[in-house]
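Here is the structure we will look at.
Heavy atoms only: backbone and side chains are in, while hydrogens, waters and symmetry mates are out.
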Amino acid sequence: MWLKWIVCSIFSVLMALPLVSVAQSAGAGNSVGASASTNTRCKGCLCPGNPCQLCPLPPHTDDPVPENEPVTCRLIREAVPPAPFLPGENEYFPNLDKSTMVCIRSGGDVIRNTRRAEGYPARVYCKPDLSRR
């Protein structure tokens, strides 16, 4: 009987220790900054802050032109002037084709946006070759 009580008490203590340590670490992390943990979880180019300096394809009239626009994005804007066409309109597809060709010719990669992350409304983006600044 005595041995059974010792085994059960040791087992319950060992089971409770990981639960207490997880709860303490989760509680301490929440007050420090939830946005910092969100940024560390995001991987790839479709993250907040545009780490890869993506440019939407085709260029749209509502898209802001960044101050430090990569050469590839500037070449795309010169070859395919920004237009107000929305996806699905007949004029959208030739502009998408032209801007995709310019992106690839200038060393960029074409990325499809299937997640529609916040801050990235376009369906297709060009990831410029940042070594060609």
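Separation of atoms CG (N113) and CG (L57) is listed at 11.5 Å; rounding is to 0.5 Å. If you take SG on C45 and CG on N50, they are separated by 8.0 Å, rounding to the nearest 0.5 Å. Atom CD of Q53 sits about 10.0 Å away from atom OG1 of T72, to the nearest 0.5 Å. The SG atom of C73 sits 8.0 Å away from atom CG of L54, with the distance rounded to the nearest 0.5 Å. Note that CZ of R123 is 9.5 Å distant from CG of L86, once rounded to the nearest 0.5 Å.
No chain of hydrophobic side-chain contacts below 4.5 Å, direct or via other Ile, Leu, Val, Met, Phe, Trp or Tyr residues, connects F93 to V80. In this structure, V124 is a member of the same hydrophobic cluster as L75, with clusters built from ILVMFWY side-chain heavy atoms closer than 4.5 Å. Y92 and Y125 fall into different hydrophobic clusters, defined by Ile, Leu, Val, Met, Phe, Trp and Tyr side-chain heavy atoms under 4.5 Å apart, directly or through other members. Both I76 and L96 belong to a common hydrophobic cluster when Ile, Leu, Val, Met, Phe, Trp and Tyr are linked at side-chain heavy-atom distances under 4.5 angstrom. Under the 4.5 Å side-chain contact rule for hydrophobic residues, V102 and I104 share a cluster.
In this structure, Y120 contributes its side chain and C47 its backbone to a donor-acceptor pair below 3.5 Å. Judged by distance alone, the side chain of N95 and the main-chain N or O of A83 form no donor-acceptor pair under 3.5 Å.
Between H60 and F85 the shortest heavy-atom distance is CD2-O, 3.3 Å. Residues S99 and P59 share a closest heavy-atom pair of CB-CD, 4.1 Å. Shortest non-hydrogen contact noted between P128 and C52 is CD-O, 3.7 Å.
Under the 2.5 Å SG-SG cutoff, C55 and C126 do not qualify as a close cysteine pair.
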